[in-house]
There are 2 protein chains.
Amino acid sequence: MRRDVFQAIADPTRRAIIALIALQAMTPNAMAEHFDSSRQAVSKHLRILTECQLVQQEQSGREIYYHLNPKKLKEVADFIEPYRKMWDKKFNQLDHVLSTLKNKKS
Amino acid sequence: MRRDVFQAIADPTRRAIIALIALQAMTPNAMAEHFDSSRQAVSKHLRILTECQLVQQEQSGREIYYHLNPKKLKEVADFIEPYRKMWDKKFNQLDHVLSTLKNKKS
DNA sequence: TATATTTGCAACCAGTTGGTTTCATTTAAT
DNA sequence: ATTAAATGAAACCAACTGGTTGCAAATATA
């Protein structure tokens, strides 16, 4: 079974979960209250997010707090990066500014 | 049927197609030669990529050249952006440099 | 005109997905 | 000790996925 970050963020509920726990680690029950889906559905999403290491568990008594592991999103960023200069004018300007700075230094 | 960019880039073959036509617009036949999958399979992927506007068609006789529409990837970039500062030291440094530049200007 | 090439589309198929309901386990509270 | 709460896992289901084969339409070539 394929379990990669791209497949994980393909689902809108999982993206919402990511956005939610980015602000604060949270238990499955707390998350479920933010969505229409049941706690068990959230639990299944969390399993997928855990399997591809996008989130990490922290046990606290009978509760489990889920933390976001933002580093994993770098894989997606790395995929997109080569195409950024094809749409982002700002990026090109930045790129110019930085290379200019670099040249001044050396 | 959900047809968004996130779902489109979830498939590794489609990401490969994106990488391929980023360099040069290409016909389905030409693409299929780069992969194990059949021309029809590539065609189905192209349909999905077209439906979410990640690629654009350019008819030329009986051939159809598919171009990448990189702007659409901005949706993914926008999703990731808020989390970048959570992993990317460079980003923070850049951010600092830029705000410094801005302050000097004003 | 007859033939070959390029392409998209429909039908089919096994495997996956996202959801539900039910159940067992662990831990806290009474 | 009993009850309540929090969680994960299994079984089930309809819908979707990614692949295949076969076919039809449009265009180029002989």
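In the text below, chain A, chain B and the rest are named by the order of the sequence lines, each starting its count at 1.
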To the nearest Å, give me how far apart [atom1] ([X]) and [atom2] ([N]) are.
| X | N | atom1 | atom2 | answer |
| --- | --- | --- | --- | --- |
| A:His45 | D:dT7 | NE2 | P | 16 Å |
| B:Asp4 | D:dC16 | CG | P | 14 Å |
| A:Met26 | D:dT7 | CE | P | 12 Å |
| A:Leu49 | C:dT17 | CG | P | 13 Å |
| B:Phe6 | D:dT17 | CZ | P | 16 Å |
| B:Phe35 | D:dG18 | CZ | P | 14 Å |

**Message:** Can a donor-acceptor pair be found, under 3.5 Å and without considering hydrogens, that links the side chain of B:Asn69 to the backbone of B:Gln53?
**Reply:** yes
**Message:** Please confirm whether the shortest side-chain N or O distance from B:Ser38 to OP1 or OP2 of D:dT20 is below 4.0 Å.
**Reply:** yes
**Request:** Assess whether one donor atom and one acceptor atom, taken from the side chain of A:Lys44 and the base of C:dG19, lie less than 3.5 Å apart.
**Result:** yes
**Message:** For A:Glu81, is there an ion pair with B:Arg84 - N to carboxylate O distance below 4.0 angstrom?
**Reply:** yes
**Message:** For a quick check of understanding: with a heavy-atom distance under 4.0 Å over all strands, which category does B:Gln59 fall into, base, sugar-phosphate or nothing?
**Reply:** nothing
**Request:** Would you give a per-nucleotide map of nucleotides 2-8 of chain C, 5' to 3', where B means the base has a protein non-hydrogen atom under 4.0 Å away, S means only the sugar-phosphate does, and - means neither?
**Result:** --BBSBB
**Request:** Establish, from distance only, whether the side-chain atoms of B:Gln56 and B:Tyr66 form a donor-acceptor pair under 3.5 Å.
**Result:** no
**Message:** Rounded at 0.5 Å granularity, tell me how far CZ in A:Arg3 sits from OG1 in A:Thr50.
**Reply:** 10.5 Å
**Complete:** When rounded to the nearest 0.5 Å, the distance separating NZ of A:Lys74 from CZ of A:Phe79 is 14.5 Å
**Request:** Report the C-alpha separation of A:Arg14 and A:Ile48 in whole Å, then their side-chain angles, then the decisive distance to 0.1 Å, and conclude whether the side chain to side chain contact (heavy atoms under 4.5 Å, CB included) test is met.
**Result:** CA-CA 9 Å; A:Arg14 285 197 287 270; A:Ile48 291 171; 3.4 Å; yes
**Request:** Identify, between A:Gln7 and A:Gly61, the residue whose nearest nucleotide on DNA chain C lies closer to the 5' end.
**Result:** A:Gln7
